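Structure first, then comments.
Remember, it's a predicted structure, so these values are computed and weren't measured experimentally. Order of listing sets the numbers, starting from 1, for every ligand and every atom in it.
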Amino acid sequence: MLKTLLATAAILAVPAMAAAQTVGFAQIGSESGWRAAETTLTRQQAEERGIDLRFSDAQQRQENQIAAIRSFIAQGVDAILLAPVVATGWDSVLEEAKDAEIPVVLLDRRVDSSEDLYLTAVGSDLEHEGEVAGQWLVDEVAGEDCRVVELQGTTGSSPAILRKSGFEKAIEGHDNIEIVRSQTGDFTRSRGKQVMESFLQAENGGAEICALYAHNDDMAVGAIQAIKEAGLNPGEDILVVSIDAVPDIFKAMAEGDANATVELTPNMAGPAFDALAAYWKDGTQPAKFIQTESKLYTAADDPMAEYEARKDLGY
Ligand code: AHR
């Protein structure tokens with residue numbers, strides 16, 4: 001009897017193994033190399049921390065993201081990561097997560113909902129990225145007249161809205177620089193190429209275009225192809241500045257086809273999981289915005305070394 005009691009006491013004394021935290025990730029899709037890298041790094045970060053990550057690819061559709069969040073709530077996950085495809089229309093589902101006491105962390109894009117509906121947002125200052133790109137062009141053309149064509153990101157997404165306004169701020173007051181055409185390329189390489197082809201046709205074969213500003217590198221890479229097919233030299237006849245710093249844009253820079261990019265780190269999950277770990281531990285409330293860096297790279301920055309440093313990151 002005594003033996004049985006001691007054995008039972010010993011079993012009870014063993015601390016219960018902490019269960020792995022479960023996190024649902026409502027990802028946008030895989031529209032760009034940057035997005036693919038963000039997905040890869042999120043999976044890696046989760047694995048390193050012993051987090052059980054449940055992944056949903058919304059194929060660029062907000063309704064799919066909303067359905068994924070509802071499913072994560074029904075599964076009783078410990079947190080939800082959301083990379084919101086557009087900025088509006090999230091209030092109801094975020095309220096549902098809040099009612100279920102599930103913290104939501106926004107990754108890389110912003111929403112126009114009230115801040116109390118999410119725990120924190122990890123991302124760059126998207127408007128500043130546009131300003132950095134615009135300032136690069138202002139300096140590069142040094143007062144010469146410059147007709148710019150712009151490839152916008154997904155309509156209604158926070159990077160498309162803010163990268164546009166940031167660039168416009170930077171060129172404001174520089175009457176030599178004018179945006180003559182601006183259209184969405186949906187952050188994809190194929191649309192970037194298609195829309196650039198239409199810009200070239202509309203602008204006398206491209207002869208009067210001085211620069212391309214693309215809201216991401218993938219669209220720039222597609223556009224570079226279109227410029228070459230039109231018989232022009234990208235990087236020279238038409239300057240190319242874009243955002244993300246994916247490996248392929250460094251290759252293009254090394255080959256003289258692109259001029260500058262502003263880096264957006266794809267590792268949004270690291271800071272997000274750090275904030276969640278502190279929140280789970282003792283309820284620590286993180287800052288509402290955890291900002292990542294926006295660094296400018298130009299062709300003078302040893303693009304092949306930058307390519308090598310990034311090529312295995314899942315882009
Ligand atoms: O939200 C970040 C943007 O989304 C990246 O710049 C772009 O490549 C991606 O698709």
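Every pair passing side-chain hydrogen bond (donor to acceptor under 3.5 Å, both in side chains) that includes a residue from residues 198-210 is listed here, sequence neighbours excluded: Arg147-Glu203, Arg181-Glu203, Asn204-Glu208.
Donor-acceptor pairing under 3.5 Å is recorded for the side chains of Thr154 and Asp186. With 3.5 Å as the limit, one finds no donor-acceptor pair spanning the side chains of Gln152 and Thr184. Inspection of the Arg35 and Gln27 side chains reveals an N or O donor paired with an N or O acceptor under 3.5 Å.
Under 4.0 Å is where a charged nitrogen must lie from a carboxylate oxygen, and between Lys251 and Asp257 no such pair does. The pair Glu47-Arg43 does not meet the salt-bridge criterion, since no charged nitrogen lies less than 4.0 angstrom from a carboxylate oxygen.
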Measure from every N or O atom of ligand 1 to the protein's N or O atoms and keep only the pairs below 3.5 Å, writing each with atom names and distance to 0.1 Å.
unit_1   : atom_1 : unit_2 : atom_2 : d
ligand 1 : 1 (O)  : Arg35  : NH2    : 3.3
ligand 1 : 1 (O)  : Asp108 : OD1    : 2.6
ligand 1 : 1 (O)  : Arg109 : NE     : 2.8
ligand 1 : 4 (O)  : Arg35  : NH2    : 2.9
ligand 1 : 4 (O)  : Arg109 : NH2    : 2.9
ligand 1 : 6 (O)  : Arg163 : NH1    : 2.8
ligand 1 : 6 (O)  : Arg163 : NH2    : 3.2
ligand 1 : 6 (O)  : Asp244 : OD1    : 2.6
ligand 1 : 6 (O)  : Asp244 : OD2    : 3.4
ligand 1 : 8 (O)  : Ser32  : OG     : 3.0
ligand 1 : 8 (O)  : Asn216 : ND2    : 2.9
ligand 1 : 8 (O)  : Asp244 : OD2    : 2.6
ligand 1 : 10 (O) : Glu31  : OE2    : 2.3
ligand 1 : 10 (O) : Ser32  : OG     : 3.1

